[in-house]
Amino acid sequence: MRKKSKHNSFLGMKIWKSNSVLSICMIILFHISAPIFGQVESFNLSLMNDTDLQQMLSKISSSEKIDDYDGSPYLFKNEKKGSIVIGEMKSVSVNATFNLNFLNMKFFIYEEGDVYLLDSSEVTSFDVGDFTYIRNDDNQFVKIIFKDENITLFEKYYLEIKDQPYVVGYEKPSNNLINIKKSVLININGNSIPFKPKLKFLQSLFDSNISDLKKFIKQNSLKLRNHQDLKLIFGQFKIN
């Protein structure tokens with residue numbers, strides 16, 4: 001019978017403790033050094049035993065106090081299924097259900113009713129659906145909408161916290177309002193500018209006339225604010 005590892009639970013968030021520190025360290029060293037340079041080894045959390053789970057989430061931090069806010073600090077409205085790439089040169093990919101909290105910059109990983117915390121500094125990228133989110137030079141994650149050798153169309157995020165007004169002496173101070181702000185940019189040969197979801201802006205980018213753009217967009221019922229649709233448009237037309 002497999003012996004289960006002991007753990008503590010605080011607010012439903014697991015902090016794993018190994019029965020044998022030496023054995024876990026040896027397992028971690030083996031698995032991290034095993035992948036060939038540049039390769040990503042894949043794991044599925046739902047198929048892992050306790051030892052594998054400890055190894056994959058060895059960088060989990062303890063729960064941190066988060067003050068009450070109005071709004072949500074999470075990237076997604078609901079948790080998403082996808083894969084998280086952990087590590088730089090030698091990395092592993094973990095299939096999981098997760099969300100990213102921008103207030104403490106931690107991934108909340110949901111597994112069979114439990115919640116695990118993973119510091120975002122350990123994550124180089126993650127995939128959700130057809131899109132990849134990568135960590136940039138500012139240690140923030142951006143969504144890659146389209147990328148080729150000349151351009152990158154991406155969505156950038158930042159956390160906005162605002163004080164909410166109240167009448168002094170009559171009302172209690174309200175919770176701060178928290179929100180994830182989004183902006184789409186396009187990087188052309190190293191220069192980033194705001195992306196404008198307008199036909200004239202697209203025409204200025206592409207080596208094509210506006211009538212061809214209109215025809216393609218109309219025939220495929222595309223919207224210029226839909227990321228999947230933008231991916232199709234940029235895959236169809238060439239940049240000037």
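Note: hydrogens, waters and symmetry copies are ignored here, and every other heavy atom, side chains too, is used.
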**Request:** Using ring-ring contact (aromatic ring centres under 6.0 Å, His included) as the criterion, list what pairs up with Phe216, not counting sequence neighbours.
**Result:** Phe237
**Prompt:** Rounded to the nearest 0.5 Å, how far apart are CG of Asn209 and CD of Gln203?
**Reply:** 7.0 Å
**Asked** Phe141 and ring pair (Phe, Tyr, Trp, His ring centres under 6.0 Å): which partner among Phe102, Tyr157, Phe107?
**Response** Phe107
**Request:** Check the surroundings of atom NZ in Lys156: do more than 12 heavy atoms from other residues, nucleotides or ligands lie under 6.0 Å from it?
**Result:** no
**Message:** Run the side chain to side chain contact (heavy atoms under 4.5 Å, CB included) test on Ile188 and Leu205 for me, step by step, so that the C-alpha distance in whole Å, both residues' side-chain angles and the decisive distance to 0.1 Å come before the verdict.
**Reply:** CA-CA 10 Å; Ile188 305 176; Leu205 298 175; 3.6 Å; yes
**Request:** May I ask you to decide if Asp130's main-chain N or O and Lys231's side chain share a donor-acceptor pair within less than 3.5 Å?
**Result:** yes
**Prompt:** Leu185 and Tyr158: same hydrophobic cluster, using ILVMFWY side-chain contacts below 4.5 Å?
**Reply:** no
**Request:** Give the intermediate values and the outcome of side chain to side chain contact (heavy atoms under 4.5 Å, CB included) for residues Ile161 and Leu103.
**Result:** CA-CA 10 Å; Ile161 302 177; Leu103 193 60; 4.0 Å; yes
**Message:** With a 4.5 Å cut-off on side-chain heavy atoms, are Glu111 and Tyr116 touching?
**Reply:** yes
**Message:** If I take atom CD from residue Glu79 and atom CD1 from residue Ile109, how far apart are they, to the nearest 0.5 angstrom?
**Reply:** 12.5 Å
**Prompt:** Under a 4.5 Å cut-off applied to non-hydrogen side-chain atoms, are Phe146 and Ile186 in contact?
**Reply:** no
**Test item: Leu118 and Ile86 side chains (from C-beta on) under 4.5 Å apart, heavy atoms** = yes
**Request:** Mark yes or no for whether Asn179, through its side chain, and Glu160, through its backbone, hold a donor-acceptor pair below 3.5 Å.
**Result:** no
**Asked** How far apart are the closest heavy atoms of Ser221 and Asp229, and which atoms are they?
**Response** O-OD2, 4.2 Å
**Message:** Could you report the tightest heavy-atom contact between Ser121 and Arg135, atom names first, then the distance?
**Reply:** O-NH1, 3.0 Å
**Item:** Phe154 with Ile239, same ILVMFWY side-chain cluster at under 4.5 Å
**Value:** no
**Closest heavy-atom pair and its distance - Asp127, Phe98** = O-CZ, 4.1 Å
**Side chain Asn226, main chain Gln228, donor-acceptor under 3.5 Å** = yes
**Prompt:** Does Asn101 reach the side chain of Leu117, with side-chain heavy atoms less than 4.5 Å apart?
**Reply:** no
**Message:** Within this structure, what is the NZ-OG distance for the pair Lys218 and Ser211, rounded to the nearest 0.5 Å?
**Reply:** 12.5 Å
**Asked** How close do Val184 and His227 get, heavy atom to heavy atom, and via which atoms?
**Response** CG2-NE2, 3.9 Å
**Item:** 4.5 Å side-chain heavy-atom contact, Ile180 and Leu159
**Value:** yes
**Prompt:** CD1 of Ile233 to CD of Gln236: how many Å apart, nearest 0.5 Å?
**Reply:** 9.5 Å
**Asked** Taking Asp148 for the side chain and Asn150 for the main chain, is one N or O donor matched with an acceptor at less than 3.5 Å?
**Response** yes
**Fill in**
In this structure, CD of Gln219 is separated from NZ of Lys214 (nearest 0.5 Å) by 14.0 Å
**Prompt:** Do Val128 and Ile134 belong together in a cluster built from hydrophobic side chains that touch within less than 4.5 Å?
**Reply:** no
**Prompt:** Can you find a heavy atom in the side chain of Tyr133 that is under 4.5 Å from one in the side chain of Glu155?
**Reply:** no
**Message:** When you group the ILVMFWY residues by side-chain heavy-atom contacts below 4.5 Å and let the links chain together, are Ile84 and Leu75 in the same group?
**Reply:** yes
**Residues which pass ring-ring contact (aromatic ring centres under 6.0 Å, His included) with Phe201, listed by chain and number, not counting sequence neighbours** = Phe195
**Request:** Could you check if a side-chain atom of Leu202 sits within less than 4.5 angstrom of a side-chain atom of Leu224, using non-hydrogen atoms only?
**Result:** yes
**Asked** Are Phe131 and Phe126 connected, step by step, through hydrophobic side chains (Ile, Leu, Val, Met, Phe, Trp, Tyr) whose heavy atoms are closer than 4.5 Å?
**Response** yes
**Item:** Residues Leu100, Val123; criterion side chain to side chain contact (heavy atoms under 4.5 Å, CB included); working and verdict
**Value:** CA-CA 11 Å; Leu100 174 58; Val123 177; over 6 Å; no
**Request:** Compare all side-chain heavy atoms of Val142 with those of Ile144 and state whether any distance is below 4.5 angstrom.
**Result:** yes
**Asked** Would you say the side-chain atoms of Ser83 pair up with the backbone N or O of Ser93, donor to acceptor, closer than 3.5 Å?
**Response** no
**Prompt:** Between Thr132 and Ser125, what is the shortest heavy-atom contact and its length?
**Reply:** CG2-CB, 4.4 Å
**Prompt:** Is the closest side-chain donor-acceptor distance between Thr97 and Lys81 under 3.5 Å?
**Reply:** no
**Request:** Please name the pair of heavy atoms, one in Gly71 and one in Leu177, separated by the smallest distance, quoted to 0.1 Å.
**Result:** N-CD1, 4.4 Å
**Request:** Give, for atom CG of Leu199 and atom CD1 of Ile210, the distance between the pair rounded to the nearest 0.5 Å.
**Result:** 5.0 Å
**Request:** Would you confirm whether the ring centroid of Phe234 sits within less than 6.0 angstrom of the ring centroid of Phe206?
**Result:** yes
